[in-house]
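By convention in this document, chain letters (A, B, ...) are assigned in the order of the sequence lines, proteins followed by strands, and residues within each chain are numbered from 1.
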Protein chains: 4
Amino acid sequence: MPKIVDKEAKKMEILNAAMQVFAHKGVVKTKIIDIATTAGVGKGTIYEYFRSKEEIFTSAYTYFSKTMESMVQEALSKEDDPLKQLELILTISLDAFVHIGEEFADIMMEFWAEGIRNKNQDILDVINLKGVYSNYRKMIQKILKKGIEKGVFKPMDTKSTASVLIGALDGVMLQWIMDRKAINLRKVSVVLLDSFIEGIRKRE
Amino acid sequence: MPKIVDKEAKKMEILNAAMQVFAHKGVVKTKIIDIATTAGVGKGTIYEYFRSKEEIFTSAYTYFSKTMESMVQEALSKEDDPLKQLELILTISLDAFVHIGEEFADIMMEFWAEGIRNKNQDILDVINLKGVYSNYRKMIQKILKKGIEKGVFKPMDTKSTASVLIGALDGVMLQWIMDRKAINLRKVSVVLLDSFIEGIRKRE
Amino acid sequence: MPKIVDKEAKKMEILNAAMQVFAHKGVVKTKIIDIATTAGVGKGTIYEYFRSKEEIFTSAYTYFSKTMESMVQEALSKEDDPLKQLELILTISLDAFVHIGEEFADIMMEFWAEGIRNKNQDILDVINLKGVYSNYRKMIQKILKKGIEKGVFKPMDTKSTASVLIGALDGVMLQWIMDRKAINLRKVSVVLLDSFIEGIRKRE
Amino acid sequence: MPKIVDKEAKKMEILNAAMQVFAHKGVVKTKIIDIATTAGVGKGTIYEYFRSKEEIFTSAYTYFSKTMESMVQEALSKEDDPLKQLELILTISLDAFVHIGEEFADIMMEFWAEGIRNKNQDILDVINLKGVYSNYRKMIQKILKKGIEKGVFKPMDTKSTASVLIGALDGVMLQWIMDRKAINLRKVSVVLLDSFIEGIRKRE
DNA sequence: TATGAATGAGCATTCATTCAT
DNA sequence: TATGAATGAATGCTCATTCAT
């Protein structure tokens, strides 16, 4: 039993090391030896915990996306007003980016890039960006629908609007990643809420 | 006298082949031999027209971004109304995506992914996504400012708004790329204009 | 615990294999796979011990020239008479050639050829034939000067004489390498001492 | 008939170009395209006159050694005194080196290096350094023998002495090639004659 | 005859993975 | 269990040579 805990802990250590290196060098340029060195173990040890380099990558992604998702879900459950929920999603996502800072923002970009790259292929099942987006859209759609029902939002094509909102969010993060100095995420966040949500809110 | 060949035309043929393969397999997984085979030439021939694999990639990018840019610029020059110009940028960009279709949309994602991946490094100067975004933002900012002056748009933080608009555009394309069946670009385009631009338009 | 290997010893094994192949096929025609096969290891293993093919070559040269130099230096330190010292240099050098036999004589020629070939370029710093000759000349010049002071040799242009002596030595070795059957190094050695040294010895 | 002359002349032009490039870059680093460019012809044209790169090299060598040999032979035929003949060989050889200067001295080193390198193999028959040395030795031996008969030289092992003389000559050239500034060929020439030949001259 | 476009054999090097210890 | 020494498949690129024009 304690053995299992050890194993699991060490696996996480290696995973953490891997994520650091992925973020720093990019997935393709990351070598097993880099991960091993960063984790402070031997090259061979890596293979005691992961079957392959690819498995390390997918494990990292899974870990990352699960963490993200639970953060959002938890926050949403505490709030009932659709408008506030929308704000929350924006805020949490952007905050996550700002707070997790350098390292994790970079690795998220790596996941993204790799997910795009492999969309027709291999890793597909794990880095299921398609599914992630689909879920996100559905989640937001639900909020939008509820908002319309409640008379908070004006009638709209909820699916397309969800896409636009997610798109705006992602795209803004992307720009921030590309050029942090040029983008003030806080300001952008306000604008996104004020102008965009303004556009979908019902007026009397 | 040697065989007479339109070097420029053949270079384009190889470039086209390369773009196909890049789009299909991703830049990293694309091997020179793949490009050669697709182009219907020998491995060595590639190097008669390009110095290296990287040069092929950057050439493809340059070709692509020049084409894109000139399309947008040309359209903008024919229109003077800020609102219409904004619409044009959206429309052209999304249209380009829709019309260039499968192949080119895929390779554009490759450029994107590669640009993100290398943002701190090598190819940087060619795949200057940072610069591209900066230019885009400035272009849109100019339109927004003119619109505010003309009283078409309400006062706003033009820089942040530009970021949000570009973000929304990119993000929407990204989702479309990921899952074409789930996204109706035409509808999304309308929503983006209606709801978002609605949010920044001045009301009496 | 991993396999324990005497890294230094194995490096020498590979170096020995490399020297054999260099001597047999010449540096340029020697392929890494040849060295690997001769050493009885895999291609990749070579790179566990040497950074590149060039490093293998320069390592071999360094090893060789250090061995040679220490042999000469040690012998000289035990003898004080200039005439005897000159004899020693000749004898040791020629003996070295004769004793190290087939393999090493051949690879020394390889070093020579490669040193000549690259005299204006790359390897220059390691295969510093220019420096080697310069040192050799100085060493002999010192002996000659001491001999003149002691009244053993007649006055002469010591620098040019040193060059001639080294030249004779090298040239004789070269001919022996080219055609061992035609040259009796032992006899030549005697002639070189008798006739040449005879020419510079002071007569009453 | 005139065609043949043209052919021959062009072949020589290419050969000259080749020799220049060989001298400048070394045989291995010389590419066919370099020779073609230097000769001012197309790459394919080279193969109208030579079967392969190797044939160019061997042709160059043959041309070079024939020229050298005839220079020495011609000079020797005009002189009957063994001592003077020995002087002539030294002088002509060293002069040749000095006069042909940069370019040809370099290519001669290339021939030498390549001859050494391939002594067990391929080009063997053309770059027959072994044969060249053998001939040289015989030529000098003949002079020495004649000198002994005439009572000009003291009795000696003529073969070994010839080897030493050739060796001295070659070795001195080699040093000059390696480091022209350090070696004054004129002075060395005098020393070689004065001291070495002094050693073999008969005294009353 | 002259040419250079086309070619592919050949090679140094990298790195994920294996496995003896 | 932990390790790192060993490995060879895989790949970008070079360049002598061929051959259609």
Side-chain angles (χ1 to χ4, degrees), chain A residues 3 6-7 10 14 28-37 39-56, chain B residues 1-7 10-11 14 28-37 39-56, chain C residues 1-7 10-11 14 28-36 39-56, chain D residues 3 6-7 10 28-37 39-56:
Chain A
K3 277 275 177 188
D6 274 353
K7 265 259 175 188
K10 191 145 191 180
I14 293 175
V28 173
K29 284 182 186 158
T30 293
K31 313 303 168 197
I32 291 290
I33 185 65
D34 300 326
I35 298 174
T37 306
V41 299
K43 217 182 339 155
T45 308
I46 302 289
Y47 289 86
E48 294 292 323
Y49 296 87
F50 298 92
R51 235 183 285 283
S52 67
K53 185 185 168 184
E54 185 173 313
E55 195 186 284
I56 301 176
Chain B
M1 276 132 284
K3 197 188 285 187
I4 289 170
V5 169
D6 184 340
K7 278 247 168 193
K10 188 138 195 181
K11 188 168 186 175
I14 293 176
V28 174
K29 285 185 186 154
T30 294
K31 310 303 166 195
I32 291 293
I33 187 65
D34 300 327
I35 298 175
T37 305
V41 300
K43 197 160 33 103
T45 306
I46 303 292
Y47 289 89
E48 292 287 320
Y49 295 87
F50 298 91
R51 240 182 279 284
S52 66
K53 187 184 166 185
E54 183 174 316
E55 195 185 285
I56 300 176
Chain C
M1 276 132 283
K3 199 188 285 186
I4 289 169
V5 169
D6 184 339
K7 278 246 167 194
K10 187 138 194 182
K11 188 168 186 174
I14 293 176
V28 173
K29 284 183 187 156
T30 294
K31 309 306 166 194
I32 290 293
I33 186 66
D34 300 326
I35 297 175
V41 300
K43 198 157 34 98
T45 306
I46 301 293
Y47 289 89
E48 293 285 322
Y49 296 87
F50 297 92
R51 239 182 281 284
S52 66
K53 186 183 165 184
E54 183 173 316
E55 195 185 285
I56 301 175
Chain D
K3 277 276 177 186
D6 273 352
K7 266 257 175 191
K10 191 145 191 180
V28 173
K29 285 183 185 158
T30 293
K31 313 301 167 199
I32 290 292
I33 185 66
D34 300 326
I35 297 174
T37 305
V41 300
K43 217 182 342 155
T45 308
I46 302 290
Y47 289 86
E48 293 292 322
Y49 296 86
F50 297 92
R51 235 183 285 283
S52 67
K53 186 185 168 184
E54 185 173 313
E55 195 186 286
I56 300 175

Please state how far atom [atom1] in [X] lies from atom [atom2] in [N], giving the value in whole angstrom units.
X	N	atom1	atom2	answer
E48(A)	dC19(E)	CD	C1'	11 Å
I46(D)	dC19(F)	CD1	P	18 Å
K43(B)	dT14(F)	NZ	C1'	9 Å
K29(B)	dG12(F)	NZ	C1'	19 Å
I33(A)	dT17(E)	CD1	C1'	13 Å
F50(B)	dT14(F)	CZ	C1'	18 Å
Y47(C)	dT17(E)	OH	C1'	20 Å
D34(A)	dT14(E)	CG	P	14 Å

| message | Check whether Y49(C) forms a cation-pi arrangement with K7(C) (NZ or CZ under 6.0 Å from the six-membered ring centre, at most 45° off the ring normal). | response | yes
Would you say the side chain of [X] and the base of [N] hold a donor-acceptor pair, judged only by whether the two atoms sit under 3.5 Å apart?
X	N	result
K7(B)	dG4(E)	no
K31(A)	dT14(E)	no
K53(C)	dT13(E)	no

Between [N] and [X], is there an OP1 or OP2 to side-chain N/O distance shorter than 4.0 Å?
X	N	answer
T45(D)	dT3(E)	yes
K10(A)	dA2(F)	yes
Y49(D)	dA2(E)	yes

| request: Using the closest heavy atom to pick a nucleotide of DNA chain E for each, name whichever of V41(D) or S52(C) lands nearer the 5' end. | output: V41(D)
| field | Side chain T45(C), main chain V41(C), donor-acceptor under 3.5 Å | value | no
| query | When we call it a touch if two heavy atoms are under 4.0 Å apart, what does G44(C) touch: a base, just sugar-phosphate, or nothing? | reply | base
| request: Select base, sugar-phosphate, or nothing to describe what T37(D) touches, counting heavy atoms under 4.0 Å on all strands. | output: nothing
| query | For S52(B), what residues pass the side chain to side chain contact (heavy atoms under 4.5 Å, CB included) criterion, not counting sequence neighbours? | reply | E54(B), E55(B)
| query | Which residues satisfy the side chain to side chain contact (heavy atoms under 4.5 Å, CB included) test with K53(D), sequence neighbours excluded? | reply | I32(D)
| task | Report the distance from atom CD of E48(C) to atom CD1 of I14(C), rounding to the nearest 0.5 Å. | result | 9.0 Å
| said: For I33(D) versus T37(D), what's the shortest heavy-atom pair and its separation? | reply: O-OG1, 2.7 Å
| DNA chain E in dot-bracket, Watson-Crick or G-U pairs under 3.5 Å, [ ] crossing, | other strand? | .||||||||||||||||||||
